[in-house]
Amino acid sequence: MAFNNEVRNIYQQELDIIRSGGIFKEERIICAPQNSEIEVEFPIGSIHKKVINICANNYLGLSSHPDVVEAAHKGLDRRGYGMSSVRFICGTQDIHKELEHKLAKFLGTEDTILFPSCMDANAGVFEAVLSEQDVMIADRLVHASIVDGMRLCKAMTDTYKHSDMAHLEEKLQLHAKMRFRLIITDGSFSMDGDLAKLDKIVELAEKYNAMVFVDDSHASGFIGKTGRGTHEHCGVLGKIDIITTTLGKALGGASGGCVSGRKELVELCRQKARPYLFSNTIPPVVVSGAIKVIDLISSTTERRDKLEKNTIFWRKGLTEAGLIIKEGETPIVPVMLFNAILSQDFAKELYEEGIYAVGFFFPVVPKGQARIRTQLSAAHDLHHLEKALAAFTKVGKKFDILHKTKQEIIDRFGM
Ligand SMILES: *Cc1c(COP(=O)(O)O)cnc(C)c1O
């Protein structure tokens, strides 16, 4: 059927359903570099407003760091703008290899291969290293890109209840006859901000002769004493077989991802992973910025330490104000509102108060678990957080949800 009016109407109706459900996503236009304070044009056409950003993945505040920007400029001058090639044809420069070596050293692994994004790393890695004889056993809350990557792989798929080690053990026993068992988890779960129990997972893997895969996108650079990630935090450095992570969050926030781990597995990705073979190489300007990022965070823990301080202040402040947050220790701090429309309205009111945060609801989180996900950054100073806290308190009061139980909020607003 051609794209006639009848077809157009069908798509229009689907969009109308999303809109009338109060869950239509609208982009806000940022007219400044990414930072703790940004200028935003919202709604489109309105005058720019200066707001505090509390929802970026800019955990270390490096997205617009002058040293990173300068390194990127130099990279642009020395190695050009684009490579016009995938890696294996003519898309590998000296700086790509340098970044791969630095990432392996930082993550404590044998080797690293860059991908255009972590989404691509996850899309390519499982298919490259597993086959029909193997089984993938994944935590039920893994990131969407892992789910997609597993779909592309011919190995058997199974799951275990979120962070439920007894359930994981059952699944490992169940699949004892398969050639390889690969346990798959996020290191830091992006929606709830909780950490995988990697110490227990590694213990089970050793007991049942399994391999371990960790996507550490929301941990690389700041979780663990020196920021190496969830494996450092859990005391299992060197024991994770495959780590995937992104350069698009704490590590400068531009773009790019990688698979890091056992050298044979990384080498197989170079031979077989389709996003590596069939998608363009990371541009030199981004590679140069990322090298500077790894140098910066390898030389000092100052930024991750400041982030940790900010996180403690913020978690304590929200709790004392009477809002419901998901407990944890990461800089991902979800403020639970349970109802999708409430989460949207709450975010709108926050914006009026000069705070940029976004409501999350189904399908990004399960139904009945709508929230505003706040994320701390080393770029936040105390005065930013104090202002944001005052705004959350004021808006919470306005909706009368301070010091209320989950049930009281649900009774009034619905799920
Ligand atoms: C953000 C994220 C990704 C995607 O990373 P990109 O490099 O932006 O594609 C993958 N996995 C997890 C767990 C993430 O949080």
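Order of listing sets the numbers, starting from 1, for every ligand and every atom in it. Keep in mind the model is a prediction, meaning the values are calculated, not measured.
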Separation between CG (Leu141) and CZ (Phe189), nearest 0.5 Å, reads 6.5 Å

Under a strict 4.0 Å criterion on non-hydrogen atoms, which protein residues are in contact with ligand 1? Ser117, Cys118, Met119, Asn122, His143, Ser145, Asp186, Asp215, Ser217, His218, Thr246, Lys249, Gly256

With distance as the sole criterion, is a donor-acceptor pair present between the side chains of Thr301 and Asp305 under 3.5 Å? yes

Less than 6.0 angstrom from the centroid, inside 45 degrees of the normal: does Arg28 satisfy that with respect to the ring of Tyr356? yes

Looking at Glu203 and Lys200, is there a salt bridge between them, counting it only when a charged N and a carboxylate O are closer than 4.0 Å? no

In terms of relative ring orientation, are Phe346 and Phe392 parallel, tilted or perpendicular, with 30° and 60° separating the classes? tilted

Lys NZ or Arg CZ of Arg19 over Phe24 ring: under 6.0 Å, within 45°: yes

